[in-house]
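The residues of the chain are indexed from 1 along the displayed sequence.
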Amino acid sequence: MKAWRYEVLRQQRGLSGTERERREALRLRAADMFSGGIKPPRVAQLLGVTRKSACEWHRAWLKGDKAAPVSKGAAGTGCKLTEAQPMRLEAFLDEGAITHGWDDQRWTSARIAAWSALWR
């Protein structure tokens, strides 16, 4: 269970620097393939990415967007927790839902959101 929690917190922070660099390298390779006349569906197949990603990259490449292959960083609003809150959240989850007034041990997103509202 704890491993899952760490994974959720990691995902909220977006891709790691290494993963962003890997994706950027894929976008650069895709741009080279587009220059060679390879169509987006085939690029997706060759690079192991979704057709949607390859089509988005192709559209940007067609517009001549030089920055298209460059990573823009993590998408979305990012983690809304302060630096200390993930540790507090872990302790809160470890204590169990019953300890905090619910009638069973299930943690739902609504219950965690209620906790989050208390700590702001």
What is the ring orientation for F34 with H58, classed by angle as parallel under 30°, tilted 30 to 60°, or perpendicular over 60°?
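It falls in the perpendicular class, over 60°.
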
Would you call the rings of F92 and W107 parallel, tilted or perpendicular, taking 30° and 60° as the class edges?
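F92 and W107: tilted rings.
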
Given the rule that I, L, V, M, F, W and Y join up when any side-chain heavy atoms are under 4.5 Å apart, are I98 and I112 in one cluster?
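Shared cluster, no.
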
Find the distance between CZ (R27) and CZ (R22) and round it off to the nearest 0.5 Å.
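Reported value, rounded in 0.5 Å steps: 10.0 Å.
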
Let me confirm one number: the CD-CG distance from Q105 to L93, rounded to the nearest 0.5 Å.
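Going from CD on Q105 over to CG on L93, the span is 10.5 Å.
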
Heavy-atom pair of closest approach, residues W102 and A114
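The pair with the smallest heavy-atom distance is CZ2-CB, 4.5 Å.
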
Show the nearest heavy-atom pair for residues A30 and W57, with the distance to one decimal.
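Smallest heavy-atom distance, with atoms named: CB-CE3, 3.6 Å.
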
Donor-acceptor pair, distance only, cut-off 3.5 Å: does the side chain of R111 make one with the backbone of R106?
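Yes; judged by distance alone, with no hydrogens or angles, the pair exists.
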
Could you go through residues 38-52 and list every donor-acceptor pair under 3.5 Å that involves a side-chain atom there, pairing it with any protein atom two or more places apart or in another chain?
{"unit_1": "R42", "atom_1": "NH1", "unit_2": "Q45", "atom_2": "OE1", "d": "2.6"}
{"unit_1": "T50", "atom_1": "OG1", "unit_2": "S53", "atom_2": "N", "d": "3.1"}
{"unit_1": "T50", "atom_1": "OG1", "unit_2": "S53", "atom_2": "OG", "d": "3.1"}

